[in-house]
K.L.:
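Below is a structure I'd like to ask you about.
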Amino acid sequence: MGRIRWSLASGRTVEGSLAALLSGLASVLMLSQLGGVEVTSWPAVTVASVAVSLTEALSGQVDNLTLPLVMLTTLNTAQLLINHCGELL
């Protein structure tokens with residue numbers, strides 16, 4: 001469906017990555033509205049979701065272990081940075 005490829009060797013497209021990012025954020029929004037998850041920082045969730053989408057798009061393989069670890073690491077790091085910057089202000 002998508003036309004803009006991340007690389008010639010990859011079958012992944014920019015449009016597909018954007019669709020995955022938006023659907024992931026929409027899922028988190030829906031789960032938070034239904035009480036399934038508690039979101040304490042939307043900026044951290046957004047940064048982590050972008051990191052996962054880029055990792056999936058630019059890696060040679062999609063590993064069911066790698067992507068959750070990228071999400072967890074990025075989410076925790078972004079949350080710590082946001083909290084730290086908030087304390088400085």
K.L.:
Membership question, hydrophobic clusters at under 4.5 Å side-chain separation (ILVMFWY): are Leu21 and Leu58 in the same one?
P.N.:
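Yes, Leu58 connects to Leu21 through the hydrophobic network.
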
K.L.:
Would you kindly confirm whether Leu80 and Val47 end up in one hydrophobic cluster when ILVMFWY residues are joined by side chain heavy atoms under 4.5 Å apart?
P.N.:
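No.
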
K.L.:
Quick one, Met71 and Ser49 - any side-chain contact, counting heavy atoms below 4.5 Å?
P.N.:
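They are in side-chain contact.
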
K.L.:
Check whether Leu75 and Leu54 end up in the same hydrophobic cluster, where Ile, Leu, Val, Met, Phe, Trp and Tyr are linked by side-chain heavy atoms less than 4.5 Å apart.
P.N.:
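Same cluster.
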
K.L.:
Assess whether side chain to side chain contact (heavy atoms under 4.5 Å, CB included) is satisfied between Ile4 and Thr13, documenting all intermediate values.
P.N.:
CA-CA 5 Å; Ile4 304 169; Thr13 63; 5.8 Å; no

K.L.:
With side chain to side chain donor-acceptor pair (under 3.5 Å) as the rule and sequence neighbours excluded, what pairs involving residues 66-75 come up?
P.N.:
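Matches after skipping sequence neighbours: Asp63-Thr66.
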
K.L.:
Do Leu72 and Leu67 belong to the same hydrophobic cluster, where Ile, Leu, Val, Met, Phe, Trp and Tyr are linked whenever their side-chain heavy atoms lie under 4.5 Å apart, directly or via other members?
P.N.:
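Not linked; separate clusters.
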
K.L.:
Within a strict 4.5 Å, meaning less than it, do heavy atoms of the Leu25 and Leu29 side chains meet?
P.N.:
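A side-chain contact under 4.5 Å is absent here.
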
K.L.:
What are the two closest heavy atoms between Ser23 and Ala20, and how far apart are they?
P.N.:
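Smallest interatomic distance, heavy atoms only, reads OG-O, 3.1 Å.
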
K.L.:
Determine the minimum heavy-atom distance between Ala44 and Ile82, stating which atoms define it.
P.N.:
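Between these two residues, the closest heavy atoms are N-CD1, 3.7 Å.
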
K.L.:
Give the minimum heavy-atom separation between Val70 and Val52, together with the two atoms involved.
P.N.:
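Smallest heavy-atom distance, with atoms named: CG1-CG2, 4.1 Å.
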
K.L.:
Can you list the residues that meet the side chain to side chain donor-acceptor pair (under 3.5 Å) rule with Ser41, with sequence neighbours excluded?
P.N.:
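None.
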
K.L.:
Would you give the length of the straight line joining atom OG of Ser53 to atom CZ of Arg12, rounded to the nearest 0.5 angstrom?
P.N.:
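Nearest 0.5 Å value for the OG-CZ distance: 11.5 Å.
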
K.L.:
Roughly how far, to the nearest 0.5 Å, is the CD atom of Glu56 from the OG atom of Ser17?
P.N.:
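Spacing of OG (Ser17) from CD (Glu56) equals 6.5 Å.
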
K.L.:
Before giving the answer on side chain to side chain contact (heavy atoms under 4.5 Å, CB included), spell out for Glu15 and Arg3 the whole-Å C-alpha distance, their side-chain angles and the decisive distance to 0.1 Å.
P.N.:
CA-CA 7 Å; Glu15 297 91 341; Arg3 296 175 188 233; 4.1 Å; yes

